[in-house]
Number of protein chains: 2
Amino acid sequence: MESRSRPVTLRMIADEIGVNVSTVSRVINASDTEARRWASGEVIERIRAVVAERGYQRNPQAASLRTRRSGLVGVLVPRLQDYVLATIYEGIEEAATEQGISTFVTNSLDVPANQIARTEIMLSRRVDGLIFGDAHTGEPFLDELAERGVKFVLVSRRAGNHVSATCDDVMGGRLVAEHLLASGRRDVGVLAGQPYASTGIDRTAGIVQACRDAGIDIPPHRIVQGGFDAPGGHEAAAQMIEAGGCPDAIFAANDFAAIGAMGVLRERGISVPDDVAVVGYNDTPLAAELPIPLTTVRSPMHEMGRRGLDLLVALLRGDEVESVRLAPELVVRASSAAAPSKM
Amino acid sequence: MESRSRPVTLRMIADEIGVNVSTVSRVINASDTEARRWASGEVIERIRAVVAERGYQRNPQAASLRTRRSGLVGVLVPRLQDYVLATIYEGIEEAATEQGISTFVTNSLDVPANQIARTEIMLSRRVDGLIFGDAHTGEPFLDELAERGVKFVLVSRRAGNHVSATCDDVMGGRLVAEHLLASGRRDVGVLAGQPYASTGIDRTAGIVQACRDAGIDIPPHRIVQGGFDAPGGHEAAAQMIEAGGCPDAIFAANDFAAIGAMGVLRERGISVPDDVAVVGYNDTPLAAELPIPLTTVRSPMHEMGRRGLDLLVALLRGDEVESVRLAPELVVRASSAAAPSKM
DNA sequence: CTGAAAGCGCTTACAG
DNA sequence: CTGAAAGCGCTTACAG
């Protein structure tokens, strides 16, 4: 088996044409219009032809050594197994590729020690900037990073005053409240997710506020924290029902948690939506396929990733940037059909 | 806001101690034992102390320029949104981090043109090798890549004689057949997945063979191809039922496809497991939480990713390597409970 | 418009 | 055991 052939270098191109490497470098890195400032039309044409013919590809390591910019971005997510974060990452990666940027992703599992360690690894790889999908409220980590002059943006979750691309989760929570109240539900339980994630916090705040506006108070025992996955939702729902019986509506801050809750309800013979409405968040493709199709809030996950990358690029360019808040949309399905009127 | 401070270089360390950069380089890159061949105990100690104190981190771009090895690996998957591939990637990334290797992942969406284009991008980033989770049988692409001397391994799907880390999918299919036949099912339908993926091909071959061994032939109209996701399973199941009525067992080559199939059955009022048993593949965490818990085949996805990375590292080292085939395990749940005896 | 040179931060034969 | 030098492939002031 033959070994991989050595890549074409600038020098090879230059020698073949009989010009200096600096000229080739300038022409290659210039736009069509500004190239004329660096070389004669004939030389430009010749260079472009040979570059195409020989399949020249710039060596990014060499360029980065010289320019001190790597074209690399580090992305931290709680876990890529989570469909939501995987989708956000797809958006990031898509936008990055369009801009000629490469990304490294890694899982922090939402553990602060991992966040710190993974970030240092990213920095040692000389990333130009970072995108965090796992920001924790109340942790000093991101503030310290900003203090050090490291450039980063947040996606999915907000934190402090750091630049972020998120969904308007408070509004998402309000949409759910309005829908549930309109369909006759009065005893609303919330699976609030992790206490350090702005997503869960804001979605919970949204539904609580909107219910209060309608004169309904959600008592503390109806708000249970837990993981954003099926087992997490299972556990949280079980705990809620144990503590105060089953409410007539459950809002899970995440589709997977909603599925976990439906598991508990099935085990206990509680009927959805007759006894209890269930609403999720994110409109995962599974939501529509479930034996009981799930009402949920659609959030623009892919777009969020794209916008996050764009924000980071702007930041690295030195632009003044504003956080982005995208609008959610309620998708009503069978799991929250109006309750049969009782008594 | 202060700008990020310049990283510490070898030269700074060397100057501080008063030795040559080459000495520092040798000591840093040597193991504890071999360092003694390159420097006196005193110098070694001094270097290590200053490296730790100043927080020196090797510039990987500079090192790679010199050594012609980037420590970078490219990973192509159909789609990271797919839980199965996300999990395999987690294994890859985990093993890579342990070895000081960085990975780039990208989605090919199983489109051959994308596979080619993405691979070229990876190569232009100077990756040392590639891992493909999206191999297509019958496409010449991988053969051509091998011909060019590019180093790579496959995960999840086999193809040709290329080195791979996979699950024994034929055995997985056989396990399902034995279980279904033992619980009285006779008319078995298969949602076979994509025709170019060895996973679906092998799982189908396994169940077909095992049924034939038991004297039961699965007719062609009972084998339907389709996507490995919920919508794909939905469509394929609908097509199968349309063509020949509902079988008494459906084996989907993937849990998500199984969920899609359950959606069709629900719509048509067909009961699971009374009318039809449903079995999936991969034992996704959702499987256990579904309103009708799903019987499925557990495949060691995370381990597969780890083994794939290990294989690639061995290959890059020039070792002779053998493909790895991991064992699947059947997990029985409610969706395939024995049918009530009819008539 | 084009060239020659310096230098980014490393590693690694080659000397001694 | 340690140093001095070359060079990986680029980019970019500095000249002309």
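Lettering of chains follows the sequences in order, A, B, ..., and the numbering in each one begins at 1.
Using a 4.0 Å cut-off between charged nitrogen and carboxylate oxygen, B:E144 and B:R148 do not count as a salt-bridge pair.
In this structure, the CG atom of A:N59 is 16 Å from the P atom of C:dC10, given to the nearest Å. The CG-P distance, from B:L65 to D:dG7, rounds to 14 Å in whole Å. Atom CZ in A:R126 sits roughly 18 Å away from atom C1' in D:dC10 (whole-Å rounding). The separation between A:R11 atom CZ and C:dA4 atom P is 10 Å, rounded to whole Å. Summarising the geometry, the separation between CZ on B:R46 and C1' on D:dC1 is reported as 18 Å, rounded to the nearest angstrom. One interatomic measurement links the two molecules: CD of A:E45 to C1' of C:dC1, which rounds to 16 Å at whole-angstrom precision. Whole-Å rounding puts the A:I17 CD1 to C:dC1 C1' distance at 15 Å. Atom CD1 in A:I13 sits about 13 Å away from atom C1' in D:dC10, given to the nearest Å.
Here B:R79 pairs with A:E90, B:Q81 under the side chain to side chain donor-acceptor pair (under 3.5 Å) rule; sequence neighbours left out. Applying the ring pair (Phe, Tyr, Trp, His ring centres under 6.0 Å) criterion to B:F104, with sequence neighbours excluded, gives A:F104. Among residues two or more places apart in sequence or in another chain, the ring pair (Phe, Tyr, Trp, His ring centres under 6.0 Å) test is passed with B:F228 by none. Evaluation of the side chain to side chain donor-acceptor pair (under 3.5 Å) rule for A:N161 yields no partner, not counting sequence neighbours. Taking A:R66 as the reference, nothing meets the side chain to side chain donor-acceptor pair (under 3.5 Å) condition, with sequence neighbours excluded.
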Using Watson-Crick or G-U wobble pairs with both distances under 3.5 Å, give me DNA chain D in dot-bracket, 5' to 3', with [ ] for crossers and | for pairs to another strand. |||.||||||||.|||
Reading nucleotides 11-16 of chain D 5' to 3', which nucleotides get B (base under 4.0 Å from a protein heavy atom), which S (sugar-phosphate only), which -? BBB---
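Tested against A:V24, the residues A:N20, A:V27, A:I28 include a single side-chain contact (heavy atoms from CB on, under 4.5 Å) partner, A:I28.
For residues 71-93 of chain B, no pair satisfies ring pair (Phe, Tyr, Trp, His ring centres under 6.0 Å), with sequence neighbours left out. Applying the ring pair (Phe, Tyr, Trp, His ring centres under 6.0 Å) test to every pair with at least one member in residues 117-148 of chain A, sequence neighbours left out, gives these pairs: A:F132-A:F141, A:F132-A:F152, A:H136-A:Y196.
Nearest-nucleotide mapping onto DNA chain D: of A:Q61 and B:G41, the residue sitting toward the 5' end is B:G41.
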